[in-house]
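Before any comments, here is the structure.
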2 protein chains.
Amino acid sequence: MSDDRASQTECHRCPLRKQSIFRPLDENELNFVSRFKTGELTVDPGSTILLEENKTPHLYTILDGWAFRHKSLVDGRRQILNFAFPGDLLGLQLAILSEMQHTVTALTRTTLCVFQRDKVWSIFKEYPTLAYSMTWMAAREEQMVDGHLLSIGRRNAFERLAYLIIHLYERAKVAGYAGNQTFDAPFTQEHLSDALGITPVHTNRTLKKMQMRKLISWRSERIQILDRSGLEAVAAYEPEGDGQRPLI
Amino acid sequence: MSDDRASQTECHRCPLRKQSIFRPLDENELNFVSRFKTGELTVDPGSTILLEENKTPHLYTILDGWAFRHKSLVDGRRQILNFAFPGDLLGLQLAILSEMQHTVTALTRTTLCVFQRDKVWSIFKEYPTLAYSMTWMAAREEQMVDGHLLSIGRRNAFERLAYLIIHLYERAKVAGYAGNQTFDAPFTQEHLSDALGITPVHTNRTLKKMQMRKLISWRSERIQILDRSGLEAVAAYEPEGDGQRPLI
DNA sequence: CGGTCATTTGAAGGACCTCAAGCTTAGTGG
DNA sequence: CCACTAAGCTTGAGGTCCTTCAAATGACCG
């Protein structure tokens with residue numbers, strides 16, 4: 001949660017990394033990014049990146065690592081809203097609404113690209129392409145949360161788990177954390193249960209059932225999808241957007 | 001679902017109405033809006049404004065009326081993601097991601113302001129203030145969905161209902177559909193149950209219980225909050241953002 | 001006044017929760 | 001190398017919340 005070593009190198013990877021994956025930044029943008037970026041930050045697993053109450057002046061992009069957005073009731077019941085992967089923007093709500101209503105916590109050792117949030121307005125004024133990308137990411141994030149809401153509201157535990165596994169696999173894949181129907185699982189069953197909206201005990205039983213049916217296996221921090229079409233069938237899975245920013 | 005009578009009058013109310021509530025549009029923006037707006041559209045209760053599969057070339061703002069965003073599984077189980085009120089933007093996902101993954105349906109007779117979605121990019125290029133407002137609205141919408149996800153995932157039926165009632169009251173209030181702890185309820189118990197993620201039968205029983213405990217009353221299309229602090233207590237309610245766009 | 005739709009109520013079953021204990025694993029220090 | 005600990009995982013038993021099915025009641029409308 002510290003280690004704010006600034007480095008001006010490879011900045012072009014970060015501001016909206018999705019974009020640089022699909023389209024190289026132009027000169028203006030590169031110039032801008034180097035002005036806008038404050039530095040990099042690496043945090044350990046379990047550390048808080050953004051806290052609900054706090055008003056940090058920062059906005060982040062994940063360069064490497066997993067994190068998760070979550071929100072709790074006063075009595076401690078916690079709901080994981082979504083997981084965050086490289087390229088994802090953290091703290092946009094804070095920058096735009098000047099209020100965060102959720103917390104972001106690192107799941108693995110995570111490297112972030114740090115920006116000044118008070119410069120967001122100047123992005124809109126001077127770099128419409130970047131602004132558009134930010135909005136693109138916000139819209140995409142909302143689309144994912146919509147999907148989770150449908151899942152939590154209308155699927156049973158077994159179906160929810162199937163859906164979440166597929167979702168995580170797909171996201172891990174684009175981040176490079178997956179391969180061959182297998183992906184890293186740097187989380188505990190408790191994290192899963194907080195994402196699924198069920199108890200750890202029931203999550204455990206549901207996982208067991210899913211392994212018993214040879215749909216997945218989970219050994220040593222890795223989850224393998226054994227029967228993709230079987231999983232899709234129980235989840236009533238419908239593929240999400242392909243993650244590609246449209247050409248404008 | 002038709003009646004596309006164009007009218008150039010009072011356009012300044014619509015493009016991002018929130019904004020015009022808090023700050024008058026400047027000359028540039030007014031000029032822009034009149035170029036950008038296609039017309040107005042009024043739809044009857046129950047009609048579909050935006051359909052998941054469809055690629056309408058339109059983007060809407062609600063001028064008057066209630067609508068709701070929802071999403072279903074293939075077998076028909078439906079989840080209401082959020083309700084939409086005057087000032088809300090509909091179809092931003094379609095415009096930005098070129099893909100809608102939910103449907104929007106009118107709850108009351110609803111009047112919409114219609115825009116061409118392919119002009120969104122020109123907003124970003126030429127009217128950064130409007131672009132910023134659009135992003136503001138997207139961020140706010142996501143914040144609301146986050147709140148619902150916490151609710152559905154971690155509150156029980158009684159608590160969910162309490163939360164939803166307060167939420168709807170607060171939103172109806174800014175839209176002018178509420179007054180004196182009372183608000184319009186242009187929906188059925190089935191809508192409520194789809195928003196809460198529970199069955200109609202259980203929704204009915206939960207409503208009964210809530211009326212029995214003198215927390216609310218529901219008569220002739222109007223819901224009255226009888227005990228606000230009692231409701232807040234059961235919901236563990238925490239106020240949302242004040243809906244005011246920050247000055248930039 | 002019949003028909004349709006929303007609401008209401010009952011009874012029974014099942015999904016998920018709670019509580020509680022035992023287990024496994026990895027890390028720590030003697 | 002072996003306690004010892006702590007955190008996570010596993011399993012059982014019982015209870016509760018919510019669902020399902022089914023039928024009755026009420027409200028509205030032509």
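Order of the sequence lines sets the chain letters (A, B, ...), proteins ahead of strands, with each chain counted from 1.
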Output one line per pair: protein atom, nucleotide atom from nucleotides 27-30 of chain D, and distance, for all N/O pairs under 3.5 Å.
none

Using the 3.5 Å cut-off, write out each protein N or O paired with an N or O of nucleotides 15-18 of chain D and the distance between them.
residue: D/dC18; atom: OP1; partner: B/Ala157; partner atom: N; Å: 2.9
residue: D/dC18; atom: OP2; partner: B/His202; partner atom: NE2; Å: 3.1
residue: D/dC18; atom: O5'; partner: B/His202; partner atom: NE2; Å: 3.4

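When the C1' atom of C/dT9 is taken as reference, atom CG of B/Leu207 falls 15 Å away, rounded to whole Å. Distance, A/Glu159 CD to D/dT19 C1': 14 Å, rounded to whole Å. One atom, CH2 of B/Trp218, and another, P of D/dG26, lie 19 Å apart when rounded to the nearest Å. If you measure from atom NZ of B/Lys209 to atom P of C/dT9, you get 15 Å, rounded to the nearest angstrom. Distance A/Arg219 CZ to D/dG8 P: 22 Å, rounded to the nearest Å.
Projected onto DNA chain D by closest heavy-atom contact, A/Arg205 and A/Lys208 fall at different nucleotides, the more 5' of which corresponds to A/Lys208.
Relative to the six-membered ring of A/Phe158, A/Lys209 meets both conditions, a distance below 6.0 Å and an angle of at most 45° to the axis.
Taking the six-membered ring where tryptophan is involved, the planes of A/His191 and A/Phe68 are perpendicular, since the angle between them exceeds 60° and thus also 30°. Ring orientation note: the planes of B/His58 and B/Tyr60 are tilted relative to one another, at an angle of 30° to 60°.
Ionic pairing of B/Arg171 and B/Asp88 is present here: one or more N-O contacts between side-chain nitrogen and carboxylate oxygen are shorter than 4.0 angstrom. Ion pairing between A/Asp227 and A/Lys214 fails under the 4.0 Å rule for side-chain N and carboxylate O. Classification of A/Glu141 and A/Arg69 as a salt-bridged pair holds, one side-chain N sitting under 4.0 Å from a carboxylate O. At a threshold of 4.0 Å, the pair B/Arg222-B/Asp184 counts as salt-bridged, since one of the basic side-chain nitrogens sits closer than that to a carboxylate oxygen.
Contacts between residues 184-195 of chain B and DNA chain C, defined by a heavy-atom separation below 4.0 Å, involve B/Thr188, B/Gln189, B/Glu190, listed by number.
Side chain of A/His148 to main chain of A/Asn82: no donor-acceptor pair is present (N/O by atom type, distance under 3.5 Å, no hydrogens or angles). Although no hydrogens or angles enter the test, the distance criterion places a donor-acceptor pair under 3.5 Å between the side chain of B/Tyr177 and the main chain of B/Gly65.
One distance of note links NE2 of A/His102 with CG of B/Leu150; it measures 12.5 Å at 0.5 Å rounding.
Contact between the side-chain N/O atoms of B/Asn204 and the OP1/OP2 oxygens of C/dT8 is found at a separation under 4.0 Å.
A donor-acceptor contact under 3.5 angstrom links the side chains of B/Gln143 and A/Gln93, judged on distance only.
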